[in-house]
Visitor: 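Mind looking over this structure? Questions follow.
Counting starts at 1 for both ligands and their atoms, following the listed order. Quick note: residue numbers are just sequence positions, from 1. Worth knowing before you read on, the calculation uses all heavy atoms, side chains too, and leaves out hydrogens, waters and symmetry mates.
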Amino acid sequence: SNRSMRPDKNTYERKRSVYVKNPYLEGMDEDILYHLDLGTKTHNLPAMFGDVKFVCVGGSPNRMKAFAQFMHKELRLEGDGEDIEDICAGTDRYCMFKTGPVLSVSHGMGIPSISIMLHELIKLLHHARCCDVTIIRIGTSGGIGIAPGSVVITDTAVDSFFKPRFEQVILDNVVTRSTELDKELANDLFNCSREIPNVPTLIGHTMCTYDFYEGQGRLDGALCSFSREKKLDYLKRAYRAGVRNIEMESTVFAAMCGLCGLRAAVVCVTLLDRLESDQINLSHDVLLEYQQRPQLLISNFIKKQLGLC
Ligand code: R2B
Ligand code: URA
């Protein structure tokens with residue numbers, strides 16, 4: 001065979017496609033991404049999204065809009081960016097903004113909500129024939145044994161038993177999936193964080209739960225059936241297992257992105273230290289500033305990757 005016809009090793013490494021692992025998709029003559037109000041017949045997805053290289057997801061629609069506006073300024077794109085349009089305006093389930101190669105998408109709260117969004121987002125990236133996509137969840141969390149306002153870059157997402165797994169119920173089976181994240185990406189993000197002053201940042205395990213109250217050992221929900229001692233014992237065991245923060249989406253995010261070939265990271269700011277309290281009593285301004293910390297880190301990282309700084 002002709003050697004020169006073969007793509008060299010670098011070509012393989014450079015092009016990393018977004019995989020869907022569903023034999024039925026190819027046979028569908030139209031795919032409607034219902035919760036995003038997009039579809040393969042109604043929209044030219046390759047033209048709209050083919051150049052996407054970074055996808056940032058986060059729970060709140062307003063925060064993801066603010067992130068898109070911030071990215072617009074940071075990337076020095078044309079126009080003022082204030083009137084940026086919601087690509088998913090036809091639905092109020094999720095919102096989506098595009099600034100150059102950066103897509104900003106909201107996912108709501110909890111595993112079921114982010115999982116629905118990820119199914120449709122990953123199909124969107126596949127239909128648009130995107131390659132080399134990095135996806136980052138920027139969010140909030142409760143810290144364990146670290147100062148409020150710290151940013152935690154997740155190395156491994158773990159479940160409520162501190163295990164690196166996500167259990168997906170499929171028909172009436174439980175399928176266990178790995179929640180390993182991209183270690184190299186986590187390290188790159190950590191190195192990038194060193195250049196941002198006054199924001200304590202660390203790498204650690206992130207625990208993902210199905211609930212904010214009883215599921216995170218809180219004493220202040222409408223229901224609580226355990227003692228303060230049991231709560232603290234649980235959180236301290238989590239700390240000893242390497243857990244530094246708790247949130248509600250990381251395991252399914254890591255599992256789905258891993259299976260679909262997306263380079264993925266989770267970067268969350270902590271709003272409180274759960275060894276000290278359960279209620280979040282930060283002032284509006286402090287909360288706003290804390291929530292900007294992951295955004296600042298990710299925008300610096302993206303600018304670096306694009307060779308803009
Ligand atoms: C972090 O914050 C939300 C709960 O307040 C939830 O979406 C999460 O993971
Ligand atoms: N998000 C969570 O899931 N838990 C917290 O304690 C704070 C934010």
Visitor: Can a side-chain donor-acceptor contact be found between T206 and N245 if the only test is distance below 3.5 angstrom?
Guide: yes
Visitor: Determine, using heavy atoms of D278 and all atoms of ligand 2, whether some pair is separated by less than 4.0 Å.
Guide: no
Visitor: Taking distance alone, with N or O pairs closer than 3.5 Å, would you say E247 contacts ligand 2?
Guide: no
Visitor: Has Q216 got any heavy atom lying under 4.0 angstrom from an atom of ligand 1?
Guide: no
Visitor: Decide if atom CD of Q279 counts as having more than 12 heavy atoms of other residues, nucleotides or ligands within a radius under 6.0 Å.
Guide: no
Visitor: Do ligand 1 and G108 have nitrogen or oxygen atoms that lie under 3.5 Å from each other?
Guide: no
Visitor: Could you see which bit of R218 sits under 4.0 Å from ligand 2, with heavy atoms only: side chain, backbone, both or neither?
Guide: side chain
Visitor: With heavy atoms only and a cut-off of under 4.0 Å, state how I246 meets ligand 2: side chain, backbone, both or neither.
Guide: backbone
Visitor: Do ligand 1 and T140 have nitrogen or oxygen atoms that lie under 3.5 Å from each other?
Guide: yes
Visitor: Students should be able to answer this: which protein heavy-atom is nearest to atom 7 (O) of ligand 1, and at what distance?
Guide: E249 OE2, 2.7 Å
Visitor: Do T209 and Q216 have side-chain atoms, one donor and one acceptor, less than 3.5 Å apart?
Guide: yes
Visitor: Which residue owns the protein heavy atom closest to atom 3 (O) of ligand 2, what's the atom, and how far is it?
Guide: Q216 NE2, 3.0 Å
Visitor: Applying the 4.5 Å side-chain criterion to the ILVMFWY set and letting contacts propagate, would I146 and V243 be lumped into a single cluster?
Guide: no
Visitor: Taking atom types as modelled and ignoring hydrogens, do the side chains of R263 and T134 form a donor-acceptor contact shorter than 3.5 angstrom?
Guide: yes
Visitor: Please determine whether a side-chain nitrogen of the Lys or Arg among D159 and R165 lies less than 4.0 Å from a carboxylate oxygen of the Asp or Glu.
Guide: yes
Visitor: When you check the gap from the basic side-chain N to the acidic O, do D31 and K123 get nearer than 4.0 Å?
Guide: yes
Visitor: What is the nearest protein non-hydrogen atom to atom 5 (O) of ligand 1, stated with its residue, atom name and distance?
Guide: F212 CE1, 3.5 Å
Visitor: Among protein heavy atoms, which sits nearest to atom 5 (C) of ligand 2, and what does the distance come to when rounded to 0.1 Å?
Guide: G142 N, 3.3 Å
Visitor: Using the test salt bridge (Lys or Arg N to Asp or Glu O under 4.0 Å), find all partners of D37 that sit at least two apart in sequence or belong to another chain.
Guide: none
Visitor: With R237 as the cation and F162 as the aromatic partner, state whether NZ or CZ is under 6.0 Å from the six-membered ring centre and within 45° of the axis.
Guide: no
Visitor: Which atoms of ligand 2 are found less than 4.0 Å from any heavy atom of L272?
Guide: 6 (O)
Visitor: With atoms numbered from 1 as shown, which atoms in ligand 1 lie under 4.0 angstrom from a non-hydrogen atom of E247?
Guide: 9 (O)
